[in-house]
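Okay, so here's the structure we're looking at.
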There are 2 protein chains.
Amino acid sequence: MKGGCCQHQHLPRAIQQPLSELTARLKEKSRKITGPRQAILDVLRRHQHPVTNKEIHAALASEGCDLATIYRNMHTLAAMGMVQRFDFGDGIARWELIAEGEDSHHHHLVCTQCSMIVEIEDCLPEGFEKALAARHGFTNVTHKLEFFGLCNRCSRAASTGATMTVP
Amino acid sequence: MKGGCCQHQHLPRAIQQPLSELTARLKEKSRKITGPRQAILDVLRRHQHPVTNKEIHAALASEGCDLATIYRNMHTLAAMGMVQRFDFGDGIARWELIAEGEDSHHHHLVCTQCSMIVEIEDCLPEGFEKALAARHGFTNVTHKLEFFGLCNRCSRAASTGATMTVP
DNA sequence: AGCTGATTTGCAAATGGTTTGCGTTGACTT
DNA sequence: AAGTCAACGCAAACCATTTGCAAATCAGCT
Ligand SMILES: [Mn+2]
Ligand SMILES: [Mn+2]
Ligand SMILES: [Zn+2]
Ligand SMILES: [Zn+2]
């Protein structure tokens with residue numbers, strides 16, 4: 001196992017954006033810069049992987065706010081194009097901050113055992129989606145793609161029959 | 001618009017299996033052949049696209065059963081490998097019958113306007129998933145991939161500014 | 001700094017899909 | 001035909017998410 005506290009892979013997608021830059025984007029769209037809003041953005045800013053509303057809520061230490069406020073803000077931020085929603089098929093929304101003007105489209109590789117997440121930059125081959133759209137007469141075609149499997153640690157644990165410990 | 005009542009694309013995936021063959025599979029796995037079970041399988045048998053539990057429930061005409069029974073049976077059938085679950089990101093489970101021994105892995109192209117579904121046989125290029133797994137030290141990697149866009153009819157309606165009528 | 005009005009929040013209740021407890025029914029074995 | 005246990009119906013519970021409403025807060029203006 002190579003270096004660090006955990007073997008989570010941190011490919012920093014949205015390069016750490018200063019909070020000030022994020023609130024500036026709020027102001028541009030004439031949204032109020034409230035306490036909960038800043039706190040939520042600050043949590044997102046510090047996460048490299050998609051986080052659930054509940055996780056955001058838990059991460060709000062002192063400056064906590066109501067869960068409903070988080071749900072409402074994620075909608076607002078998504079409509080503003082500041083966050084992107086991901087679905088891993090468990091019916092729970094996950095969110096990731098989007099850097100200004102960034103092409104946020106990407107995918108993930110999720111360990112079905114320990115929930116470790118790896119950011120994936122690979123995507124469908126060039127033209128794949130376009131050809132598919134043309135073939136079936138569709139327009140504005142996008143896709144959702146997520147990978148699932150056993151991470152290094154979990155597959156080793158499974159093969160040795162060791163008792164799993166969720167990190 | 002080429003022939004037929006609707007332009008839904010029916011690429012018959014699970015070739016119409018006789019109900020008797022389906023119940024036989026139940027018997028093999030020593031599961032009781034009940035009324036609800038047969039009715040559910042019969043509904044699935046007649047659908048070419050993923051259906052929700054609610055849709056199955058509605059399709060059960062006279063021989064109706066409780067919604068809870070459908071939920072329980074879908075779990076059972078999934079565990080037996082007779083149905084496969086699909087997720088379109090709206091938090092609603094959708095199910096499709098799997099032919100005996102069939103490789104059920106496939107994807108869909110969904111119209112975000114009218115919910116029309118097209119079955120897609122294309123998949124990731126050979127080796128794509130394997131390479132990704134190797135690169136990140138994962139094993140048993142699978143993926144979920146669904147496409148979304150505007151179908152022919154809906155994109156035409158959108159461009160002409162016509163009032164939409166959901167078929 | 002104080003006033004004002006629209007936005008945002010907290011709280012609690014409502015939703016909607018899904019799960020579960022429990023007593024009863026009924027499919028299948030003997 | 002009788003016994004057994006899976007499966008069912010019904011109602012309540014669960015859980016993520018949404019929503020109504022009154023109170024609090026932010027932003028712009030005097
Ligand atoms: Mn990501
Ligand atoms: Mn299908
Ligand atoms: Zn893992
Ligand atoms: Zn359509």
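Nothing here was measured: the structure is a model prediction, and the numbers come from that model. Order of the sequence lines fixes the chain letters, A, B, ..., with proteins taken first and strands second; residue numbering starts at 1 for each chain.
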Could you work out which one of [options] sits closest to the side chain of [X]?
{"X": "B:Arg37", "options": "D:dC8, C:dT7, D:dG20", "answer": "D:dC8"}
{"X": "A:Cys65", "options": "C:dT9, C:dG17, C:dG10", "answer": "C:dG10"}
{"X": "B:Lys54", "options": "C:dG17, D:dC8, C:dT18", "answer": "C:dG17"}
{"X": "B:Lys32", "options": "C:dT9, D:dA7, D:dT18", "answer": "D:dA7"}

Answer with base, sugar-phosphate or nothing: what part of the nucleic acid does B:Ala68 contact at a heavy-atom distance below 4.0 Å? base
Would you classify A:His57 as touching base, sugar-phosphate or nothing, given that sugar-phosphate means primed atoms plus P, OP1 and OP2, and contacts are heavy atoms under 4.0 Å? nothing
With a sphere of 6.0 Å drawn around CD of B:Glu28, does it hold more than 12 non-hydrogen atoms of other residues, nucleotides or ligands? yes
Carefully, step by step, assess A:His49 and A:Glu55 under the rule side-chain hydrogen bond (donor to acceptor under 3.5 Å, both in side chains). CA-CA 12 Å; A:His49 303 297; A:Glu55 285 168 345; over 6 Å; no
Separation of [X] atom [atom1] from [N] atom [atom2], in whole Å?
{"X": "A:Asn73", "N": "D:dT18", "atom1": "CG", "atom2": "C1'", "result": "14 Å"}
{"X": "A:Trp95", "N": "D:dA16", "atom1": "CH2", "atom2": "C1'", "result": "13 Å"}
{"X": "A:Met74", "N": "C:dT8", "atom1": "CE", "atom2": "C1'", "result": "16 Å"}
{"X": "B:Ile56", "N": "C:dT18", "atom1": "CD1", "atom2": "P", "result": "10 Å"}
{"X": "B:Gln38", "N": "D:dC8", "atom1": "CD", "atom2": "P", "result": "11 Å"}
{"X": "A:Tyr71", "N": "D:dA16", "atom1": "OH", "atom2": "C1'", "result": "5 Å"}
{"X": "A:Ile70", "N": "C:dC11", "atom1": "CD1", "atom2": "P", "result": "13 Å"}
{"X": "A:Asp66", "N": "D:dA16", "atom1": "CG", "atom2": "P", "result": "15 Å"}

Kindly state whether the ring of B:Phe86 and the ring of B:His106 have centres lying under 6.0 angstrom apart. yes
OP1 or OP2 of [N] versus the side-chain N and O atoms of [X]: is any pair under 4.0 Å?
{"X": "B:Asn53", "N": "C:dT18", "result": "yes"}
{"X": "B:Thr69", "N": "D:dG9", "result": "yes"}
{"X": "A:Thr34", "N": "D:dT25", "result": "no"}
{"X": "A:His75", "N": "D:dT17", "result": "no"}
{"X": "A:Arg72", "N": "D:dT19", "result": "no"}

What class does the angle between the rings of A:Phe147 and A:His107 fall in, given that below 30° is parallel, 30 to 60° is tilted and above 60° is perpendicular? perpendicular
Contacts of B:Gly35 and B:Ile92 projected onto DNA chain C by closest heavy atom; the upstream (5') one is B:Ile92
Go through the steps to decide whether A:Arg31 and A:Leu77 satisfy the test side-chain contact (heavy atoms from CB on, under 4.5 Å), and finish with yes or no. CA-CA 10 Å; A:Arg31 298 295 196 174; A:Leu77 293 173; over 6 Å; no
